[in-house]
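Protein chains get the first letters and strands the later ones, always in sequence-line order, with residue 1 at the start of each. The structure presented is a predicted model; accordingly, all values stated were derived computationally and were not measured.
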There are 2 protein chains.
Amino acid sequence: MIDAVTIREVKVQLGELCKQQRQRYKISQEDLAQELGLSRYTIQKFENGKNATLDTVLKIANHFNLLEKLYQALKDLENTNDINSLY
Amino acid sequence: MIDAVTIREVKVQLGELCKQQRQRYKISQEDLAQELGLSRYTIQKFENGKNATLDTVLKIANHFNLLEKLYQALKDLENTNDINSLY
DNA sequence: TTATATGGTTTATTATAATACACAAATATA
DNA sequence: TATATTTGTGTATTATAATAAACCATATAA
């Protein structure tokens, strides 16, 4: 393990994933915002790696059908009582 | 697929995971808050499934060594160009 | 070319997450 | 038991995410 992942890098990656998924479905930032009841500026900032609220992130994840996957991943983590068994 | 996972359920699960990990290391909410430069109230609300900011969530994830895992999961999602191949 | 749509940016305002206190109720420890 | 620790809750304030509205540059389409 050379370099640790930073919080900033995760936020950038989250934004990129949103942008990628959005373009996959060929919808604009404005479209996505309206469908989620958010402003375009919120989508804009999130896609550019800025801070956001959990509700915003989960709304976006839900829109791209990633909520169930995330929920199961969290459940799995909770049932993994040894942190080292993840590696 | 009977019932869809809700955003609220994911937030509750996130809070439970935080609480579980924290108790695993036998530290109080106050301890965790101080180590992360957050207030105890922020930890308190997060563990009880309330809304929070991405920075708060990622700080907690990082403290319990879950950031790298999350980052890789996001990378994997980005490289999975077919959403249906996840199932 | 002229429109139209999209993404990036700015400003001002509103909503709310985060903070800093305090205090009571549980929970653990002596 | 009593004492200390931790957790849950409340209030007021501050910081900041979210909103709404413009504006411009670029790309795309007519």
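The list of salt bridge (charged side-chain N to carboxylate O under 4.0 Å, His left out) pairs with a residue in residues 7-17 of chain A, not counting sequence neighbours, reads A:K11-B:D55. Contacts classified as salt bridge (charged side-chain N to carboxylate O under 4.0 Å, His left out) and involving residues 58-67 of chain B (residues at least two apart or in different chains) are not found.
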Run the side chain to side chain contact (heavy atoms under 4.5 Å, CB included) check on B:I43 and B:E30 step by step: do they pass? CA-CA 8 Å; B:I43 302 293; B:E30 178 67 33; over 6 Å; no
Could you go through A:K50 and A:F46, starting from their C-alpha distance and side-chain angles, then the distance that decides it, and tell me whether this counts as side chain to side chain contact (heavy atoms under 4.5 Å, CB included)? CA-CA 5 Å; A:K50 306 301 182 189; A:F46 179 67; over 6 Å; no
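For the pair B:Q29 CD and C:dA18 P, the computed distance is 14 Å after rounding to whole Å. At whole-Å resolution of the value, CG in A:L32 and C1' in C:dA5 are 16 Å apart. Note: CZ (B:F46) to P (D:dT7) measures 15 Å, nearest angstrom. Whole-Å rounding puts the A:Q23 CD to C:dA5 P distance at 19 Å. Atom CD in A:E30 sits roughly 11 Å away from atom C1' in C:dG7 (whole-Å rounding). As a whole-Å value, the separation of A:N48 CG from C:dG8 C1' is 8 Å. Atom CZ in A:R22 sits about 12 Å away from atom C1' in C:dG8, given to the nearest Å.
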Please tabulate, one pair per line, each protein N/O and nucleotide N/O from nucleotides 2-4 of chain C that are separated by under 3.5 Å, including the distance.
none

Identify each atom pair where a protein N or O and an N or O of nucleotides 14-19 of chain D are less than 3.5 Å apart, giving names and distance.
unit_1, atom_1, unit_2, atom_2, d
D:dA17, OP1, A:N51, ND2, 3.1
D:dA18, OP1, A:T53, N, 3.1
D:dA18, OP1, A:T53, OG1, 2.7
D:dA18, OP1, A:T56, OG1, 2.6
D:dT19, OP1, A:G37, O, 3.4
D:dT19, OP2, A:S39, N, 2.9
D:dT19, OP2, A:S39, OG, 2.9
D:dT19, OP2, A:T42, OG1, 2.3

Atom pairs under 3.5 Å: protein N/O with N/O of nucleotides 26-30 of chain C:
none

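Overall, the helix from C:dT1-D:dA30 to C:dA30-D:dT1 carries an axis bend of 50° between its ends, with five pairs at each end and the value rounded to 10°.
A:L17 and A:V12 end up in different hydrophobic clusters when Ile, Leu, Val, Met, Phe, Trp and Tyr side chains are linked at under 4.5 Å. Hydrophobic clustering (side-chain heavy atoms under 4.5 Å, transitive across Ile, Leu, Val, Met, Phe, Trp, Tyr) keeps B:L54 apart from A:Y41.
Residue-level contact check: B:Q44 touches the bases, meaning some heavy atom is under 4.0 Å from a base atom. Among the protein residues, A:K26 comes within range of no part of the nucleic acid, since none of its heavy atoms lies under 4.0 Å from any strand.
Taking the side chain to side chain donor-acceptor pair (under 3.5 Å) definition, one finds that A:E47 meets it with A:R22, A:Q29, sequence neighbours left out. For A:D31, the side chain to side chain donor-acceptor pair (under 3.5 Å) partners at least two apart in sequence or on another chain are A:S28. Residues meeting the side chain to side chain donor-acceptor pair (under 3.5 Å) test with B:E35, sequence neighbours left out: B:H63.
Using a 4.0 Å cut-off, no side-chain N or O of B:K50 falls inside it from OP1 or OP2 of D:dT9.
Shortest non-hydrogen contact noted between A:C18 and A:F64 is O-CE1, 4.1 Å. For the residue pair A:L67 and A:N62, the shortest heavy atom distance occurs at CD2-OD1, 3.6 Å.
Separation of atoms CG (A:L14) and OG1 (A:T56) is listed at 12.0 Å; rounding is to 0.5 Å. One finds the NZ atom of B:K75 at 12.5 Å from the OG1 atom of B:T80 (value rounded to the nearest 0.5 Å). Rounding to the nearest 0.5 angstrom, the gap separating the CD1 atom in B:I60 from the CG atom in B:L66 is 11.0 Å.
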